[in-house]
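Note that this is a predicted model, so its numbers are computed, not measured. What you see below is based on every heavy atom in this structure, not just the backbone, and it leaves out hydrogens, waters and symmetry mates. Below, chain A is the first sequence line, B the second, and so on; all start at residue 1.
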Amino acid sequence: MFLVLIIHAALALAVVATRSRLGRSAFALGALGPLSLLVWLTTKSRSIVDGIAHRESIEWVPSLDLVLDLRVDAYALVFLYVIAVAGICIFLYAARYFGSDPKVGTFAGTMVLFGGAMVGLVAADHLLAMFLFWELTTITSYLLIGYSDHQESARSAALHAALVTGGGGLALLAGMVMIGTEAGTFTISEILANPPSQSAAMGVAWALVLIGAVTKSAQFPFHGWLPGAMAAPTPASAYLHSATMVKAGIFLVGRVAPAALVAAAWWQPTVLSIGFVTMVIGGWQALRQNDLKLLLAYGTVSQLGFLFLLVGSGEAKLLYGGLALLVAHALFKATLFMVVGTIDHEAGTRDLRRLSGLRTSLPAVFWVAVVAAASMAAIPLTFGFVAKEAAFDGLVKSGVGLIALASFTSILTVAYTGRFLIGAFGGHHPGHEPATPVGPAPRNSLVWAPVVLAAVAAVIGLVPGLVAPTFDAAVEAASGAAKAGKLVVWPGLVPALGWSMVSLVIGATLVWQNALVQRATDVVGTVSRRLPSADGAFRRGVAGLLSFADRSSGLIQSGSLPRYIAIILLVAVIVPATALFRSGISGGSLPVGGLLEAILGLLIVGAAATLLFTTRRFAAVLLLGGVGYGVAGLFAVFGGPDLSLTQLLVETLVVALFALVLRRMPAVFTPARFERTMRIVVAVAVAGFVFLGGLVAFSARQAAPVSDRYVEMAVPEAQGANVVNVILVDFRGFDTLGEITVLAIATLGVSGLVLPILRTRRDSP
Amino acid sequence: MNRRPSPILEHGVVSAAGPMLVFSLYLLAAGHNQPGGGFAGGLVAGVTVVLAWAAGGPDTVRRIVPVRSSVLLGLGLVIATLTGFVSLVAGGAFLESGYLERTLPLIGTVKLVSPLGFDIGVYLVVVGMSLGLVRALGGEPPEEEVGS
């Protein structure tokens with residue numbers, strides 16, 4: 001398994017490195033990634049289906065207990081098969097889809113990288129490793145959606161997707177950390193075997209995990225990013241936004257549902273409600289779209305809602321149908337996306353009102369679309385039907401409310417499937433300019449890649465016994481329940497069949513009475529436009545955040561140096577002073593000194609006091625220097641020759657540098673009255689705090705001073721008799737390295753700020 | 001500058017600059033066992049630079065320290081960091097002290113400690129800082145690049 005991940009990483013690099021030579025053929029090279037996965041799966045799947053999970057482990061960051069554990073059980077196997085099969089077809093399709101754009105190679109490499117991340121996400125057995133792969137899919141998805149980076153719409157769609165799924169990723173990380181800490185392990189299989197029990201903290205943690213899954217799988221109320229993501233080139237839409245990445249959230253809820261049910265009673269009703277709302281909204285929106293790709297995208301939202309509730313409910317009988325439907329959906333939806341891509345490629349538009357005569361000019365594409373659409377509408381003898389019967393069977397057993405709602409969405413599904421087929425391959429609408437393909441029908445992977453995918457679906461639809469053992473094993477691996485459902489071509493006269501037949505008939509009627517549906521959706525559409533939408537909320541949220549950032553930085557970053565210093569000083573005083581007063585100021589005796597100290601003290605106080613009454617800048621700087629020299633004297637008296645020397649030198653240098661700057665400023669300063677008052681307040685606060693704090697700190701010492709040890713260790717450890725220097729270069733050498741780096745940066749900063757001004761002055765006297 | 005600085009002052013400073021720089025090097029070398037060190041030494045050299053600027057302007061500064069400040073800053077950081085890695089390679093912690101003791105003819109026993117390398121880095125950065133600030137704030141438009 002590690003080998004597969006490494007192959008993906010190496011391929012991504014190779015594809016990007018050779019992008020200028022390969023052009024769009026880079027995708028053919030990239031197809032080796034999912035192909036290697038498929039080979040690996042075929043060699044291992046027998047033992048995994050038998051119930052022996054495949055494990056691999058690498059110590060990664062041992063000090064953080066970060067072990068890269070991989071564990072592939074039958075549940076993960078199902079997802080890996082989807083990633084591999086859909087991946088191969090879509091990569092080969094993409095090799096003929098793109099033109100000769102120089103950026104194609106980078107796109108191909110990013111897609112390979114995404115494939116690898118997806119494999120890692122599914123196979124990881126460590127929460128944090130899984131999170132890393134999870135985020136990698138978010139980032140690659142961002143890059144792939146934003147491929148047409150010259151279009152503002154593509155950039156904002158990419159950002160939308162990245163913000164929503166990235167924000168959900170942060171919630172997921174927080175939840176994972178809480179769960180891992182509570183469980184005492186980050187290994188997923190161990191957490192599932194021994195899940196943390198119910199508590200308020202675990203309730204929050206599972207809610208955070210759920211948010212991560214909901215955003216990733218485009219569930220209500222975060223579903224808005226998925227239709228926007230259709231700005232991506234079609235291969236990315238087919239691979240990421242229908243077959244794989246959006247299934248990551250479903251994979252996650254299915255994986256953790258047994259553990260979440262232990263800790264959170266609300267889990268199941270919440271998952272069911274989210275799923276149902278998403279289903280209905282997606283199905284309804286799909287009926288209103290004129291862009292074929294958007295129609296499919298909303299259909300995907302709807303299907304994802306169904307999968308989410310089936311897989312995430314934690315019920316084995318629902319999970320069974322959910323997994324089967326997930327595979328069916330990946331197969332037919334990726335096929336249909338590729339069909340739309342081919343139509344777009346040949347006819348130059350995806351607007352179903354303009355498309356015309358494609359049935360005769362693209363016959364192969366038409367028949368593929370019919371087969372895949374039949375599966376989407378769950379017409380008997382397709383795998384979609386087999387899977388939906390399994391799902392409905394589970395729902396019937398769970399209660400009449402669930403099956404009724406699911407049947408209602410099935411009606412919508414049938415209706416938008418009809419809209420898709422008729423829109424794509426029927427005639428154009430009156431009043432719209434017809435668009436027909438220009439050249440002859442393509443005979444390359446633009447056609448046969450969807451054919452292969454549809455054929456796979458057709459075979460397992462007719463002989464579901466081929467895959468049934470895998471699903472049995474997958475459900476058992478995820479939920480522990482054996483024989484939770486069955487996959488059959490014809491279920492016999494069971495209640496579930498009745499529900500699906502009724503919805504099929506009503507759906508077909510809706511397709512037939514198309515004009516009626518249009519009027520209804522228009523009416524509801526005008527009403528619902530006034531209602532708050534998820535998309536609008538997102539846009540308002542982002543706009544609000546930006547204006548908040550604008551206003552707050554305008555307030556804080558005013559550009560006034562005195563104000564900056566005042567803010568810094570006040571924060572530095574208020575925070576520790578609050579702690580000081582809360583703990584209570586206790587005792588502290590004033591240290592008594594000798595005559596020398598008294599003289600130096602008077603010098604310092606005298607210089608400082610005179611400073612208050614001077615208005616000449618240069619005099620102020622000199623007096624400040626006097627204060628500094630006084631302090632240096634105190635250091636010397638108290639036996640710190642090193643400190644004294646350094647203080648003396650620093651004071652000298654600072655006064656000199658001050659003098660350089662002051663040449664450019666007015667000789668006299670006259671601050672306004674208000675400002676003067678503010679400065680006095682700040683100064684008194686700082687001085688008072690330092691005085692009190694010093695007094696308290698001296699008497700509050702409990703541990704032995706660290707300096708004792710430094711003095712002891714200086715000669716034996718660092719061969720130096722000057723403790724101050726030993727501390728600087730050895731004991732705290734890292735600090736010193738940081739400080740000199742700051743010095744260097746500050747110097748470069750000053751030069752960078754001042755020199756351009758001088759240069760312009762010289763150039764334009 | 002709107003007035004020519006006094007030639008006497010300029011000559012005085014230039015003649016004093018040599019001994020001051022030597023003294024700064026002495027502080028650097030002695031720092032491990034006596035008051036001093038890279039920071040103090042660098043500051044003495046920095047004060048020398050400021051004096052030279054005050055006495056004779058940029059040209060005098062260039063005569064005394066004929067290097068660009070950015071070179072000193074970069075070199076200092078590189079030396080300081082490399083010393084840290086030397087200890088790391090030798091099997092100790094980053095920046096841990098090591099020492100070599102050799103008896104040289106005529107001079108006697110010399111103990112070379114690795115923190116000296118680190119201190120040299122500190123020294124160079126501090127000198128580079130003074131030089132850079134004097135050049136920038138000193139106000140003469142530079143003929144060459146930044147920090148020249």
Side-chain angles (χ1 to χ4, degrees), chain A residues 640-653 655-664 714-715 717-722 724-726 728-737 739-763, chain B residues 27 30-40 42-44 46-47 49-51 53-54 69-70 72-74 76-77 80-81 83-84 94-99 111 113-119 121-122 124-126 128-142 145-147:
Chain A
D642 247 293
L643 291 181
S644 181
L645 177 66
T646 312
Q647 173 79 15
L648 217 58
L649 290 166
V650 167
E651 270 328 312
T652 312
L653 199 63
V655 168
L657 291 176
F658 253 129
L660 293 183
V661 179
L662 289 187
R663 296 180 311 150
R664 307 189 176 281
V715 174
E717 278 278 308
Q719 282 80 40
N722 178 355
V724 176
N725 187 255
V726 166
L728 283 177
V729 298
D730 186 319
F731 295 157
R732 313 296 312 220
F734 234 128
D735 294 0
T736 312
L737 187 60
E739 282 153 16
I740 58 174
T741 312
V742 170
L743 271 189
I745 293 170
T747 310
L748 294 178
V750 170
S751 306
L753 284 174
V754 174
L755 291 182
I757 300 175
L758 295 179
R759 207 167 286 146
T760 42
R761 267 198 210 150
R762 183 188 58 186
D763 293 344
Chain B
L27 283 179
H32 210 49
N33 291 309
Q34 287 156 31
F39 197 67
L43 285 172
V44 170
V47 170
V49 169
V50 175
L51 276 181
W53 184 88
S69 73
S70 47
L72 291 178
L73 291 172
L77 282 182
T81 316
T83 332
F94 188 71
L95 282 173
E96 190 178 314
S97 303
Y99 70 103
K111 198 160 150 188
V113 289
S114 69
L116 184 61
F118 187 73
D119 246 358
V122 175
L124 289 177
V125 170
V126 174
M129 175 202 70
S130 324
L131 199 59
L133 291 182
V134 164
R135 285 252 194 272
L137 303 174
E140 305 310 318
E145 284 175 54
V146 172

For [X] and [Y], which heavy atoms make the closest approach, and how far apart are they?
X        : Y        : value
A:Ala656 : B:Val50  : CB-CG1, 3.2 Å
A:Thr747 : B:Gly132 : CG2-CA, 3.9 Å
A:Asn725 : B:Gly36  : ND2-O, 4.3 Å
A:Val754 : B:Ala136 : CG1-O, 3.2 Å

Open item on the list: My understanding is that only one of A:Val650, A:Leu653, A:Leu648 makes a side chain to side chain contact (heavy atoms under 4.5 Å, CB included) with B:Val47; could you say which?
Closed with: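 When A:Val650, A:Leu653, A:Leu648 are each tested with B:Val47, the side chain to side chain contact (heavy atoms under 4.5 Å, CB included) holds only for A:Leu653.
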
- [ ] Applying side chain to side chain contact (heavy atoms under 4.5 Å, CB included) between A:Leu645 and each of B:Leu27, B:Val44, B:Leu43, report the one that passes.
- [x]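 Testing A:Leu645 for a side chain to side chain contact (heavy atoms under 4.5 Å, CB included) against B:Leu27, B:Val44, B:Leu43 leaves exactly one candidate, B:Leu27.
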
- [ ] Working to the nearest 0.5 Å, report the span between CD1 of A:Ile740 and CG of B:Leu73.
- [x]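 Those atoms lie 10.0 Å apart.
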
Task: Rounded distance (nearest 0.5 Å) linking atom CG of A:Leu657 with atom CE of B:Met129 - done: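 Here the rounded value is 7.0 Å.
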
- [ ] Could you check if a side-chain atom of A:Leu649 sits within less than 4.5 angstrom of a side-chain atom of B:Phe39, using non-hydrogen atoms only?
- [x]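 The answer is no; the side chains never approach within 4.5 Å.
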
Open item on the list: According to side chain to side chain contact (heavy atoms under 4.5 Å, CB included), who are the partners of B:Ala30, at least two apart in sequence or on a separate chain?
Closed with: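 Listed in chain order: B:Tyr26, B:Gln34.
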
Task: Results of side chain to side chain contact (heavy atoms under 4.5 Å, CB included) for A:Val655 - residues two or more places apart only - done: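 Per chain and number, A:Val655 pairs via side chain to side chain contact (heavy atoms under 4.5 Å, CB included) with A:Val621, A:Leu622.
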
Task: Contact class of B:Leu51 relative to chain A, heavy atoms under 4.5 angstrom - done: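 Answer is neither: B:Leu51 stays 4.5 Å or more from chain A.
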
